[in-house]
Amino acid sequence: MPSDLTDLLRQRRSIRAFTQDPVDRHTVERLCTAARCAPSGANLQPGQFHVLTGTALTELKTRLGQAVADNTPIDLEYSYFPDVMQPELKDRQRKAGFALYEALGIARRDVTGRRDQFAKNYCFFDAPIGIVITINRDMGKGCFMDLGMAIMAFLLAAEDEGLGASGIGALANYGAIVHDHLELPQNEMVVCGIALGVPDMDANVNQFRTERLPLDAFTTFRGFDD
């Protein structure tokens, strides 16, 4: 029988619209503590969670908004997507984008509408809590995997609390600006952000879901018929 965890996995979605209800510090502390329970090779526990709200978050959003308005060049410290996107991957990317813009009523040729929607990443989708996630630059690629598991644990813990969240990979596009604004240690790299709050489920942007691959598209089984 499916467990509560399986239900959480199936119901979780990226939330891009929030109510203005606050999220208290103790709740976020519980989520961060849960995130740290994720598996970690050699128990290195890579990554830092920098949690912002109120004026601290507003000031960062203002700085990022100015970067967008000034067309500041992207300065990404790591490769998020493949250097060459294979056709089947490009197809998934397009379908996800089309589903999002369709939910928002943004036409495929509406370049301005798409750009404005993407810029909301840098406003943390107006969530009451914004989290900047960093990792030590000396860490190996495997540590990114460990950090990813910690992020997933955080997202599931948020779902369990009745909250909504969305990862914000685009935050790393302006990693240098975020790094400078938060006065982070020199060896810390900005990996992504998280928007966190009470989901506004009446918002159209929260109604759509991206498709997931069927089991036989990504799984092989050996030895079960022996």
Side-chain angles (χ1 to χ4, degrees), residues 4-36 38 47 49-54 56-58 60-61 64-65 68 80 92-106 113-134 147-174 178 190-213:
D4 291 341
L5 175 59
T6 302
D7 292 337
L8 284 174
L9 284 164
R10 289 174 174 164
Q11 73 188 35
R12 191 209 64 80
R13 68 181 71 186
S14 293
I15 296 297
R16 297 180 176 89
F18 301 86
T19 71
Q20 291 307 300
D21 295 335
V23 179
D24 65 86
R25 174 170 172 166
H26 292 303
T27 298
V28 184
E29 287 178 350
R30 285 198 302 273
L31 304 184
C32 292
T33 301
R36 201 75 282 174
F49 286 56
H50 307 275
V51 184
L52 294 83
T53 193
L57 180 58
T58 299
L60 176 58
K61 293 195 299 184
L64 291 169
V68 173
Y80 195 102
R92 289 177 207 162
Q93 183 187 42
R94 286 172 175 161
K95 285 181 178 178
F98 290 157
L100 171 61
Y101 296 131
E102 183 179 17
L104 290 167
I106 299 174
R114 291 183 175 213
R115 184 175 61 244
D116 290 346
Q117 175 60 32
F118 188 79
K120 292 182 180 180
N121 282 281
Y122 304 115
C123 295
F124 291 84
F125 301 108
D126 292 324
I129 301 288
I131 302 172
V132 175
I133 297 176
T134 65
L147 178 56
M149 289 189 284
I151 293 170
M152 186 62 193
F154 182 96
L155 296 177
L156 287 176
E159 189 76 26
D160 192 43
E161 290 272 359
L163 299 174
S166 178
I168 306 176
L171 193 68
N173 289 342
Y174 294 126
V178 177
V190 174
V191 176
C192 65
I194 294 177
L196 175 71
V198 177
D200 178 1
M201 296 311 299
D202 291 330
N204 289 337
V205 72
N206 291 334
Q207 298 302 316
F208 88 101
R209 298 186 73 94
T210 52
E211 296 179 355
R212 290 298 184 261
L213 293 172

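All residue numbers refer to positions in the sequence shown, counting from 1.
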(message) Please check if the number of heavy atoms outside Glu29 that lie under 6.0 Å from its CD is greater than 12.
(response) yes

(message) Any heavy-atom pair between the side chains of Ile129 and Leu163 that's under 4.5 Å?
(response) no

(message) If you define the side chain from C-beta out and look only at heavy atoms, does anything of Phe124 sit under 4.5 Å from Leu60?
(response) yes

(request) Find the distance between CD1 (Ile194) and NE2 (His50) and round it off to the nearest 0.5 Å. (result) 12.0 Å

(request) Sort out for me which residue in Val190, Val178, Val191 forms a side-chain contact (heavy atoms from CB on, under 4.5 Å) with Thr134. (result) Val190

(request) Over all heavy atoms of both residues, which pair between Ile15 and Pro199 is shortest? Give the atoms and the distance, please. (result) CG2-CB, 3.8 Å

(message) Under a 4.0 Å threshold between the charged nitrogen and the carboxylate oxygen, would Lys61 count as salt-bridged to Asp126?
(response) yes

(message) Quick one, Val68 and Tyr174 - any side-chain contact, counting heavy atoms below 4.5 Å?
(response) yes

(request) Kindly compute the distance separating CG (Asp4) from CG (Leu156), expressed to the nearest 0.5 Å. (result) 12.0 Å

(request) Look up atom CD1 in Ile168 and atom OG in Ser14, then write down how far apart they are to the nearest 0.5 Å. (result) 9.5 Å

(request) Answer yes or no: is there a donor N or O on one side and an acceptor on the other, between the side chain of Arg209 and the main chain of Arg12, under 3.5 Å? (result) yes

(message) For Glu159 versus Arg13, what's the shortest heavy-atom pair and its separation?
(response) OE1-N, 4.4 Å

(request) Give the minimum heavy-atom separation between Ala35 and Ala150, together with the two atoms involved. (result) CB-O, 3.3 Å

(message) For Tyr80, is the OH atom crowded, meaning more than 12 foreign heavy atoms sit under 6.0 Å from it?
(response) no

(message) Counting C-beta onward and ignoring hydrogens, is there a side-chain heavy-atom pair between Leu9 and Met152 closer than 4.5 Å?
(response) yes

(request) Answer whether the closest heavy-atom distance between the side chains of Leu31 and Phe49 falls below 4.5 Å. (result) no

(message) Testing the basics here: between Phe18 and Leu196, what is the closest heavy-atom pair and its distance to 0.1 Å?
(response) CE2-C, 3.9 Å

(request) Could you tell me the separation between the CG atom of Leu171 and the SG atom of Cys192, rounded to the nearest 0.5 Å? (result) 7.5 Å

(request) For the residue pair Val205 and Leu100, establish whether any side-chain heavy-atom pair is separated by less than 4.5 Å. (result) yes

(request) Find the distance between CD (Gln11) and OG1 (Thr6) and round it off to the nearest 0.5 Å. (result) 11.0 Å

(request) Specify the closest pair of heavy atoms between Ala170 and Tyr122, including all atoms of both residues, with the distance to one decimal. (result) O-CE2, 3.2 Å

(request) State, to 0.1 Å, how close Thr19 and Pro128 come at their nearest heavy-atom pair, and which atoms those are. (result) O-CD, 4.3 Å

(request) Indicate yes or no: at least one non-hydrogen side-chain atom of Arg25 is less than 4.5 angstrom from one of Thr53. (result) no

(message) Treating Asn206 as the side-chain partner and Arg16 as the backbone partner, does any N or O pair qualify as donor plus acceptor under 3.5 Å?
(response) yes

(message) For the CD atom of Gln117 and the CZ atom of Phe125, what is their distance to the nearest 0.5 Å?
(response) 6.5 Å

(request) Look only at the side chain of Asp116 and the backbone of Gly113, and say whether a donor-acceptor pair between them is shorter than 3.5 Å. (result) no

